[in-house]
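Bear in mind the structure is a predicted one, so any value in this text is a computation, not a measurement. Position 1 is the first residue of the sequence, and the numbers go up from there.
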Amino acid sequence: MEQKKILIITYYWPPAGGPGVQRWLKFAKYLPDFGWKPIIYTPENPSYPLLDETLMKDVPENIEMVRTKIWEPYQLAEKLNKSNKKFKAGQFDVGKNQSWKSRLSIWVRGNFFIPDARVFWVKPSIKFLEKYLKENKIDTIVTSGPPHSLHLIGLGLKNKMPDLKWIADFRDPWTEISYYKHLKLTKSSDKKHRQLESAVFKNADITLATSYTDAENFRKAGANAVCITNGFDESDSDGKVKGQNNEDQFTLSYIGVLEQLRNPENLWKALDELVKENAEFATDFTLKFVGRIDDKILQSIENSSLKNHIQNLGYLAHGKAVEEMQNSDLLLITNFPNESSKGIIPGKIFEYLASGKQILSFGPDKADVAKILDETQAGKHFSYQDTETVKKFILEKFILWKNGNLLENTQHIEQFSRKNLTRQLTDIL
């Protein structure tokens with residue numbers, strides 16, 4: 001039986017690294033198992049903030065790739081100010097850390113490039129893909145954002161080809177994402193962002209959200225929204241979960257990018273106090289970072305009692321990062337603190353779940369992450385105001401570790417496997 005074709009329009013694709021690439025890489029990996037042939041449309045010359053060549057192993061061997069050139073202004077921005085490199089990953093200096101160059105760059109980014117700096121790829125892509133879709137008899141497309149400019153490609157194609165089936169996949173919200181309010185938008189720019197977002201919601205046949213709250217919010221805004229979360233791929237760790245960390249250190253690890261807007265200062269305070277107050281904890285504790293931690297956050301931690309407890313491994317290939325998860329005792333996850341971010345479920349939580357390790361989470365109250373942790377009994381969620389309860393939680397886990405009783409937990413996580421999530425997607429298709 002001939003497979004049905006689906007064109008996936010995505011900016012992030014291997015060798016791009018980080019969590020943004022993995023959602024549709026994994027869907028593309030498993031779609032053929034359910035009768036669908038994925039075709040990938042992506043830039044020929046993208047400017048990625050991270051690279052990870054090891055993700056190429058998950059790219060289906062004979063997958064059809066379609067590429068066109070893109071022009072991005074990031075090279076110009078980086079010449080103006082080196083810290084502008086953070087923009088490619090949606091990161092910003094905030095508060096006292098902002099220089100006048102940062103403030104100017106943020107204002108330019110927010111008001112001149114709507115919805116983002118990849119907007120110059122929109123019109124050429126619409127022109128190219130209208131012809132490509134007709135010639136190849138493809139009637140189903142996916143646009144994945146951020147960058148949300150890719151949804152404007154879908155919107156343009158839908159306007160030209162009303163019978164086209166269009167799924168707009170929001171890995172993160174658009175105007176409700178935490179850094180949106182830091183873009184220094186004028187009233188007219190804010191209005192334009194919201195008008196474009198509304199047009200996407202109302203014209204896409206399906207809007208996919210990665211969290212329960214986002215799906216609900218998108219529905220309220222006029223979208224036909226469905227939640228399919230991110231997940232874990234059993235093949236990344238051969239379906240095995242390692243035993244208790246055999247290292248002689250009680251290790252709390254953060255895997256991924258840690259930016260100023262998600263900095264758990266109360267956790268560093270709690271750990272600083274534990275190191276000062278508990279000699280046994282101070283002897284056995286290691287704080288490990290795998291990925292890219294903001295320089296100013298790292299500098300702040302290094303100026304505390306935690307200085308000699310830090311192990312900063314930098315960015316590692318995805319497979320190595322998974323190994324570091326499995327060789328830890330506690331895993332840290334952080335979200336933006338404001339209530340509007342309670343629907344964000346960072347993709348790494350699912351690989352954390354697959355590792356079986358206990359998870360320490362920070363973010364707004366009643367967050368979707370808290371719901372997942374409660375359901376799987378895999379850890380605890382705290383607000384950024386908690387310090388004493390955080391200390392108590394860490395100390396409890398440390399005592400269990402010291403006595404060899406820090407058990408692993410992997411109950412109720414099968415629903416988050418990438419293959420099961422792809423099955424959900426094909427049901428929608």
Side-chain angles (χ1 to χ4, degrees), residues 11-12 19-20 23 86-92 94 106-107 109-111 113-119 142-152 154-155 166-204 206-230 257 259-263 333-349 361-372 381 383-384:
Y11 181 83
Y12 294 103
R23 181 169 171 84
K86 298 178 182 180
F87 287 5
K88 289 189 283 190
Q91 298 170 51
F92 303 91
V94 295
I106 292 167
W107 184 84
R109 181 253 189 256
N111 293 285
F113 307 118
I114 297 176
D116 51 64
R118 278 80 179 217
V119 69
V142 171
T143 56
S144 183
H148 293 308
S149 53
L150 271 64
H151 296 313
L152 302 187
L155 182 62
W166 171 30
I167 294 177
D169 178 58
F170 282 75
R171 300 190 317 278
D172 288 313
W174 184 333
T175 61
E176 293 302 318
I177 197 165
S178 276
Y179 65 70
Y180 182 81
K181 67 177 181 293
H182 293 280
L183 293 177
K184 305 183 186 300
L185 299 175
T186 64
K187 286 185 178 179
S188 61
S189 295
D190 177 58
K191 183 178 179 181
K192 186 172 181 181
H193 273 281
R194 295 183 186 279
Q195 286 175 337
L196 291 172
E197 178 187 50
S198 179
V200 170
F201 283 158
K202 290 174 181 175
N203 286 277
I206 297 282
T207 296
L208 283 186
T210 59
S211 76
Y212 319 114
T213 298
D214 283 351
E216 184 180 341
N217 290 339
F218 295 166
R219 284 191 288 269
K220 289 176 181 176
N224 181 21
V226 178
C227 172
I228 297 183
T229 68
N230 287 308
V257 177
E259 59 196 330
Q260 293 171 33
L261 291 172
R262 297 184 293 111
N263 180 22
I333 195 165
T334 66
N335 198 352
F336 303 105
N338 49 301
E339 186 181 355
S340 63
S341 297
K342 69 179 185 178
I344 295 176
I345 305 175
K348 73 169 126 289
I349 190 175
S361 169
F362 289 90
D365 291 335
K366 299 179 181 177
D368 285 8
V369 167
K371 177 181 177 181
I372 290 173
H381 181 77
S383 78
Y384 285 94

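Residues Thr213 and Asp368 bring a donor and an acceptor atom of their side chains to less than 3.5 Å of each other.
Not counting sequence neighbours, the partners of Lys192 by the side-chain contact (heavy atoms from CB on, under 4.5 Å) test are Ile114, Leu196. Taking the side-chain contact (heavy atoms from CB on, under 4.5 Å) definition, one finds that Pro147 meets it with Tyr11, Tyr12, Asp116, Arg118, Ser149, Leu150, sequence neighbours left out. Annotation: side-chain contact (heavy atoms from CB on, under 4.5 Å) contacts of Asn263 (sequence neighbours excluded): Glu265, Trp268, Ile297. With sequence neighbours left out, the side-chain contact (heavy atoms from CB on, under 4.5 Å) criterion links Ser383 to Asp365, Gln385, Asp386. Taking the side chain to side chain donor-acceptor pair (under 3.5 Å) definition, one finds that His381 meets it with Ser361, sequence neighbours left out. Listed by chain and residue number, nothing satisfies the side chain to side chain donor-acceptor pair (under 3.5 Å) test with Asn203 (two or more places apart in sequence, or in another chain).
Note that the NE2 atom of His193 and the OG atom of Ser188 stand 10.0 Å from one another [nearest 0.5 Å]. Taking OG1 of Thr334 as the start and CG of Leu261 as the end, the distance is 10.0 Å to the nearest 0.5 Å. To the nearest 0.5 Å, atoms CD1 (Ile345) and CD1 (Ile372) are separated by 4.0 Å.
Side-chain atoms of His151 and Phe201, non-hydrogen and from C-beta on, never get closer than 4.5 Å to each other.
Using a distance-only test at 3.5 Å, with no hydrogens or angles considered, no donor-acceptor pair links the side chain of Arg262 to the main chain of Gly363. Put simply, the side chain of Asn335 gets close to the backbone of Ser341: a donor and an acceptor are under 3.5 Å apart.
Sequence neighbours left out, the pairs with a member in residues 209-227 that pass salt bridge (charged side-chain N to carboxylate O under 4.0 Å, His left out) are Glu216-Lys220. The salt bridge (charged side-chain N to carboxylate O under 4.0 Å, His left out) pairs that include a residue from residues 337-349 number zero, where partners must be two or more places apart or lie in different chains.
When the options Thr229, Asn230, Thr210 are evaluated for a side-chain hydrogen bond (donor to acceptor under 3.5 Å, both in side chains) with Arg23, the one that passes is Asn230.
Residue Ala225 comes nearest to Ala215 through the heavy atom pair CB-O, 3.5 Å, listed as atom of the first residue, atom of the second, then distance. Minimum heavy-atom separation, Ser211 to Cys227: C-SG, 3.4 Å. Annotation for Phe218 and Thr207: closest pair CD1-CG2, 3.7 Å, computed over non-hydrogen atoms. Of all the heavy atoms in Ile333 and Pro346, the pair that sits closest is CD1-CB, 3.7 Å. Contact detail for Arg171 and Gly20: the closest heavy-atom pair is NE-O, 3.5 Å.
His148 and Trp174 have parallel rings, their planes meeting at less than 30° on a 0 to 90° scale where 60° marks the start of perpendicular. A tilted orientation is assigned to the rings of Phe362 and Tyr384, their planes being inclined by 30° to 60°.
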(request) Test Glu176 against Asn217 for side-chain contact (heavy atoms from CB on, under 4.5 Å), laying out the working first. (result) CA-CA 9 Å; Glu176 293 302 318; Asn217 290 339; 5.6 Å; no

